[in-house]
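Just passing along the structure, written as structure tokens.
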Amino acid sequence: MALNIKRPNGTEDVTGKNIEKWNTIERTVKDVAKEFGFHEIRIPTFENTELFHRSVGETTDVVQKEMYSVIAKETEFTLRPEGTAGTIRAMLQNSLLNEALPQRAFYILSCFRHERPQAGRLREFHQFGVEMAGSALPSADADVILMANTIITQLGIENVELKINSIGCPKCRANYHSALKAYFENKKDELCETCLSRLDKNPMRILDCKSPVCSEIAKDAPVILDYLCDECSDHFNKLQSYLKTLNLSFTVDPKIVRGLDYYTKTVFEFVTTDIGAQGTICGGGRYDGLIKQLGGQDTPALGFAMGLERLIMTMENQGIEFDEPLGCSLYIAPMDESAIPMAMYIAKEVRSGGFQVEFDTVGRGLKAQMKYADKIGAQFTLVLGENEITSQTAKIKNMQTGEQIDIELNEHISSEFSDIMLDNLFGDILN
RNA sequence: GUGGGUGUAGCUCAGUUGGUUAGAGCGUCGGGUUGUGGUUCCGAAGGUCGUGGGUUCGAUUCCCAUCUCUCACCCCA
């Protein structure tokens with residue numbers, strides 16, 4: 001079919017069996033969030049552009065080249081590129097931080113970034129995220145990391161590495177930046193072009209460069225962990241000991257540098273090699289300065305986000321089973337038009353017992369109806385013709401065994417069918 | 001934003017060294033004597049060969065452009 005309007009590049013439709021993949025993940029994520037005391041929050045899809053400039057940061061790639069911004073009625077809005085900024089804004093605007101602290105919020109939402117799509121990267125993608133505001137202690141970091149780990153484990157995902165790092169507070173980071181700059185200044189001639197431009201803006205990004213030359217140079221660069229102030233260093237040490245207590249294996253990776261400006265102290269990622277180059281399925285960290293930055297009281301906070309598409313990809317590639325949808329319980333096959341009223345009536349009655357019921361609405365012959373019933377996985381079928389209507393009895397056919405059971409066509413049909421279903425499910429145990 | 005690959009039926013792919021009505025398997029729909037599916041048999045529908053130009057008597061095949069999808073860089077979930 002020549003369809004002239006297609007979905008925008010980098011977006012996805014979710015249909016058919018894929019819906020169950022999403023449901024599986026959303027269910028798991030919500031269950032775990034509940035166990036950890038997090039409450040769902042829903043926020044707008046777009047915000048005033050200024051919000052992202054102030055939180056994500058003016059110099060970040062996300063703000064500089066990836067945001068979908070529009071001016072509408074003289075106000076500049078942006079489709080959210082991530083969930084933290086809007087969530088914190090909502091916490092402030094709804095005075096949630098004046099209530100019992102810490103506040104724990106989670107969300108499932110779509111994000112928008114204008115990048116070239118590739119494996120594990122879309123222009124509209126979905127995140128499950130959590131934000132916890134009001135706790136400064138490393139035990140909060142450990143709890144949040146445990147939560148991410150619990151979700152990953154509960155989904156059955158394997159081959160995931162937890163990497164943690166501390167990027168310090170603004171105080172110790174300033175010292176580190178100057179040390180880094182000094183180091184790279186000496187090797188200026190060898191650095192790649194992009195790294196040269198990073199030298200002034202954000203020297204920590206050079207550590208992450210994939211160019212063989214740069215990464216070779218970066219090997220001997222000063223490490224942030226050596227420049228942490230006492231407080232940050234203590235925080236990081238305690239976090240590590242807590243993670244050990246929780247039996248979470250992790251590696252300290254000084255190259256973990258988050259690309260959003262609001263991060264402080266702890267940063268972490270859960271990474272897999274099973275889904276291509278974009279292997280970070282969960283990323284997060286602490287952002288102690290953000291709430292004040294957005295006009296609130298100085299309140300420490302932290303959080304993480306998981307890419308739902310990446311979780312699904314990982315599960316697919318690892319051969320993990322998703323929840324099965326409930327199929328059709330009963331298919332009713334009217335022989336001809338005169339049986340349709342009875343078919344509709346029975347369908348209505350049996351549905352009232354909570355069962356999924358279908359009947360023919362396209363005028364198929366009996367054989368074709370049976371084929372259709374088989375195709376949709378109907379557990380039972382019921383044929384309605386002249387005989388059934390005059391005798392007010394019919395046979396219910398079990399599509400798996402072929403066995404036929406007599407049933408009365410009256411107002412008790414719903415509970416009778418219910419008995420048949422129960423017997424079908426638990427008959428072996430009961431008898 | 002940069003680079004590589006790709007584009008023939010709903011899906012997976014053949015094919016034409018440029019030449020009349022472009023094929024297969026799967027899927028969809030119908031039928032195999034008038035009331036029963038999964039196997040099998042028969043049949044049907046479905047493609048302006050990604051789009052727009054150019055070369056040619058003639059292009060799905062050659063050339064150019066463009067778009068799509070895809071992978072990687074970058075960046076991030």
Side-chain angles (χ1 to χ4, degrees), chain A residues 1-4 6-12 15-16 56 60-67 80-84 108-129 148 192-195 197-198 202 205 208-211 214 256-260 263 267 269-272 275-284 303-314 331-336 339 362-388 394-402 404:
Chain A
M1 192 198 293
L3 181 67
N4 37 25
K6 294 195 264 191
R7 85 177 85 87
N9 192 0
T11 62
E12 269 182 350
T15 64
V56 174
T60 59
D61 277 16
V62 170
V63 166
Q64 280 192 341
K65 38 190 202 192
E66 294 172 7
M67 294 210 302
R80 59 184 171 221
E82 52 96 63
T84 300
I108 294 171
L109 46 70
S110 50
C111 299
F112 307 85
R113 291 182 203 171
H114 187 90
E115 303 177 90
R116 281 284 285 274
Q118 70 182 76
R121 196 173 72 189
L122 293 159
R123 288 183 173 172
E124 180 184 13
F125 60 99
H126 295 78
Q127 286 188 341
F128 162 75
C192 73
E193 253 181 69
T194 33
C195 280
S197 69
R198 290 197 267 234
N202 193 349
R205 289 239 131 269
D208 213 16
C209 184
K210 302 233 167 40
S211 134
C214 298
I256 298 278
V257 180
R258 314 253 70 225
L260 311 179
Y263 284 111
V267 291
E269 289 181 2
F270 287 85
V271 185
T272 177
I275 55 172
Q278 312 299 323
T280 303
I281 56 175
C282 173
F304 68 77
M306 294 183 160
L308 300 190
E309 286 86 355
R310 289 185 186 176
L311 289 177
I312 289 173
M313 275 177 83
T314 310
Y331 177 85
I332 303 168
M335 296 286 298
D336 53 45
V362 295
R364 271 193 260 251
L366 181 58
K367 181 167 182 148
Q369 292 198 52
M370 292 305 288
K371 281 190 176 176
Y372 174 77
D374 185 57
K375 218 164 283 169
I376 63 173
Q379 295 178 64
F380 291 91
T381 52
L382 174 63
V383 175
L384 285 182
E386 220 176 312
N387 299 343
E388 284 77 12
K395 289 189 188 312
I396 292 231
K397 178 175 179 176
N398 183 319
M399 292 295 275
Q400 255 176 0
T401 62
Q404 306 217 26

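Numbered from 1 within each chain, the chains take letters A, B, ... in sequence-line order. None of the values given here were measured: they were computed from a predicted structure.
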Return the nearest nucleotide to the side chain of A/Thr280; candidates are B/G37, B/G30, B/A77. B/A77

Where the side chain of A/Lys397 is defined as all heavy atoms beyond and including C-beta, which of B/A77, B/G37, B/G35 is the nearest nucleotide? B/G37

Nearest whole Å is fine: how far is B/C29 P from A/Asp374 CG? 12 Å

Any chance you could measure A/Arg310, atom CZ, to A/Thr272, atom OG1, to the nearest 0.5 Å? 11.5 Å

A/Phe125-B/A77 aromatic stacking (under 5.5 Å, under 30°): yes

Distance-only donor-acceptor test (3.5 Å): side chain A/Glu388, base B/G35: yes

On RNA chain B, check which nucleotide each of A/Glu12 and A/Gln127 is closest to and give me the residue with the more 5' one. A/Glu12

Using a heavy-atom cut-off of 4.0 Å across all strands, would you classify A/Ala373 as base, sugar-phosphate, or nothing? nothing

Is A/Leu122 touching bases, backbone alone, or none of the nucleic acid, heavy atoms closer than 4.0 Å? base

Measure CG/A/Leu109 against C1'/B/A77 and give the value in whole Å, please. 11 Å

In whole Å, measure the gap between the P atoms of B/U68 and B/G1 for me. 10 Å

Identify whether any heavy atom of A/Arg364 sits under 4.0 Å from a base atom; if not, whether one sits that close to sugar-phosphate; answer base, sugar-phosphate or nothing. sugar-phosphate

What does A/Glu124 touch in the nucleic acid at a heavy-atom separation under 4.0 angstrom: a base, only the sugar-phosphate, or nothing? nothing

Once pairs are restricted to Watson-Crick or G-U wobble with both distances under 3.5 Å, how does RNA chain B read as a dot-bracket string, [ ] for crossings and | for other-strand pairs? (((((.(..((((.....[...)))).(((((.......))))).....(((((..]....)))))).)))))....

Euclidean distance for C1', B/A9 against B/C29 (whole angstrom): 15 Å

Mind checking the P distance from B/C11 to B/U70? Whole angstroms is fine. 14 Å

OP1 or OP2 of B/C69 versus the side-chain N and O atoms of A/Asn9: is any pair under 4.0 Å? yes

Taking only the C1' atom of each, what is the distance from B/A44 to B/A59 in whole angstrom? 31 Å

Regarding A/Gln278, tell me which of base, sugar-phosphate or nothing describes its non-hydrogen contacts under 4.0 Å with the strands shown. base

With distance as the sole criterion, do the side chain of A/Lys367 and the base of B/G35 form a donor-acceptor contact below 3.5 Å? no

Please determine whether a side-chain nitrogen or oxygen atom of A/Gln118 lies at a distance below 4.0 Å from atom OP1 or OP2 of B/C71. no

Check every strand shown and say whether A/Cys111 touches a base, only sugar-phosphate, or nothing at a heavy-atom separation below 4.0 Å. nothing

Rounding to the closest angstrom, what is the interatomic distance between B/U28 and B/A65 at atom P? 43 Å

Pairwise P distance for B/C49 and B/U20, with rounding to whole Å: 14 Å

From the candidates B/C71, B/G30, B/A77, the one with an atom nearest any side-chain atom of A/Arg116 is B/C71

Are A/Gln278 and A/Glu309 packed together at the side-chain level, in the sense that at least one heavy-atom pair is separated by less than 4.5 angstrom? no

If you measure from the P atom in B/U61 to the same atom in B/U48, how many Å do you get, rounded? 15 Å

Rounding to the closest angstrom, what is the interatomic distance between B/U21 and B/U16 at atom C1'? 15 Å

Rounded interatomic separation in angstrom, taking CZ from A/Arg123 and P from B/U70: 11 Å

List the steps and the verdict of side chain to side chain contact (heavy atoms under 4.5 Å, CB included) for A/Gln400 and A/Gln379. CA-CA 7 Å; A/Gln400 255 176 0; A/Gln379 295 178 64; over 6 Å; no

Mark yes or no for a side-chain to base donor-acceptor pair under 3.5 Å between A/Arg121 and B/C74, with no hydrogen or angle criteria applied. yes

Select base, sugar-phosphate, or nothing to describe what A/Lys375 touches, counting heavy atoms under 4.0 Å on all strands. sugar-phosphate

Would you say that A/Val62 contacts A/Glu82 through its side chain, given a criterion of any heavy-atom pair below 4.5 Å between the two side chains? no

If you assign each of A/Arg7 and A/Ile281 to its closest nucleotide in RNA chain B, which residue comes earlier from the 5' end? A/Arg7

Which part of the nucleic acid does A/Gly120 contact within heavy-atom distance under 4.0 Å: base, sugar-phosphate only, or nothing? base

